[in-house]
Amino acid sequence: NAGVTQTPKFRILKIGQSMTLQCTQDMNHNYMYWYRQDPGMGLKLIYYSVGAGITDKGEVPNGYNVSRSTTEDFPLRLELAAPSQTSVYFCASSYGGDEQFFGPGTRLTVL
Amino acid sequence: QKEVEQNSGPLSVPEGAIASLNCTYSDRGSQSFFWYRQYSGKSPELIMFIYSNGDKEDGRFTAQLNKASQYVSLLIRDSQPSDSATYLCAVPGGNQFYFGTGTSLTVIP
């Protein structure tokens with residue numbers, strides 16, 4: 001049981017580039033989440049999904065897009081990267097609204 | 001918008017002492033409360049959850065919930081240097097979790 005996996009672990013982007021952060025879970029959880037965490041700050045919810053084909057915005061969705069075509073995968077797309085998107089990105093999953101299991105994170109720098 | 005507030009610290013305690021971490025929340029209807037620990041450079045991991053008023057103990061950790069006063073606390077007994085981390089309080093609401101900004105704890109050997 002790998003839990004929640006994220007790729008890549010690290011990435012440096014130039015301003016204006018795009019990329020997709022991958023997230024996969026093998027626990028058959030219906031709920032999945034994307035958070036960003038800036039240095040010394042708490043977790044801010046970007047998008048979440050309560051099941052395949054269903055997504056909704058969180059607190060800070062601007063500049064991001066998501067899709068959920070399968071139960072296992074919940075990729076996060078960054079279009080036109082900006083320095084303000086420099087952060088650590090965490091994917092999480094849960095069964096219903098219960099305990100969330102987090103992936104190891106992706107550290108993204110936009111220069 | 002639900003709010004979850006924590007004292008950001010840093011909180012420093014000597015090894016063997018009791019560390020007390022507090023969290024207040026705005027939604028009086030909240031039913032469950034979670035404490036996560038996050039080591040520097042790592043992802044959050046669940047250490048305790050509590051649903052009912054009163055205390056819940058798990059090893060050296062005790063969660064205390066007071067719904068009337070809308071606060072939940074985490075006590076760490078016999079604090080160890082390995083407990084040095086940031087502790088996040090989380091409250092579910094709708095389909096989301098609302099996290100506090102976390103309290104940084106340092107246990108001094």
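Convention: sequence-line order gives letters A, B, ...; per-chain numbering from 1. Here the structure is a predicted model, which means the values were calculated and not measured.
For the atom pair NZ (Lys44(A)) and OH (Tyr98(B)), the distance works out to 12.5 Å, reported to the nearest 0.5 Å. Atom CG of Leu45(A) and atom CG of Asn95(B) lie 10.5 Å apart (nearest 0.5 Å). A distance of 12.5 Å separates OG1 in Thr86(B) from CE in Met41(A), rounded to the nearest 0.5 Å. Distance CZ/Phe99(B) to CD/Gln37(A): 9.5 Å, rounded to 0.5 Å.
For Phe102(A), the parts sitting under 4.5 Å from any heavy atom of chain B are the backbone and the side chain alike. Both the backbone and the side chain of Pro44(B) come within contact range of chain A, with heavy atoms under 4.5 Å apart. Looking at Phe101(A), there are no atoms closer than 4.5 Å to chain B (heavy atoms on both sides), in backbone or side chain. For chain B, the nearby parts of Asp98(A) are the backbone and the side chain; heavy atoms of each come within less than 4.5 Å. Proximity to chain A (any heavy atom under 4.5 Å) is restricted, for Gln38(B), to the side chain, taken from C-beta onward.
In terms of hydrophobic clustering, with Ile, Leu, Val, Met, Phe, Trp and Tyr side chains grouped at heavy-atom distances under 4.5 Å, Tyr89(A) and Phe97(B) are assigned to different clusters. Linking Ile, Leu, Val, Met, Phe, Trp and Tyr residues whenever their side-chain heavy atoms come within less than 4.5 Å places Met19(A) and Phe74(A) in a single cluster. Note: the hydrophobic cluster containing Val50(A) does not contain Val66(A) (ILVMFWY, side chain heavy atoms under 4.5 Å, direct or indirect links). Side-chain heavy atoms closer than 4.5 Å link hydrophobic residues (I, L, V, M, F, W, Y) into clusters, and following such links, even through other members, never connects Val4(B) to Tyr35(A). Each of Leu105(B) and Tyr36(B) belongs to its own hydrophobic cluster when Ile, Leu, Val, Met, Phe, Trp and Tyr are linked at side-chain heavy-atom distances under 4.5 angstrom.
Other residues, nucleotides and ligands contribute at most 12 non-hydrogen atoms within 6.0 Å of the OH atom of Tyr95(A). For CD1 of Ile12(A), the number of neighbouring non-hydrogen atoms (other residues, nucleotides, ligands) closer than 6.0 Å is 12 at most. In this structure, Phe49(B) places its CZ atom where only 12 or fewer heavy-atom neighbours from other residues, nucleotides or ligands lie under 6.0 Å away.
Counting only distance, with no hydrogens or angles, the side chain of Ser43(B) and the backbone of Gly103(A) share a donor-acceptor pair below 3.5 Å. Although no hydrogens or angles enter the test, the distance criterion places no donor-acceptor pair under 3.5 Å between the side chain of Tyr31(A) and the main chain of Gln96(B).
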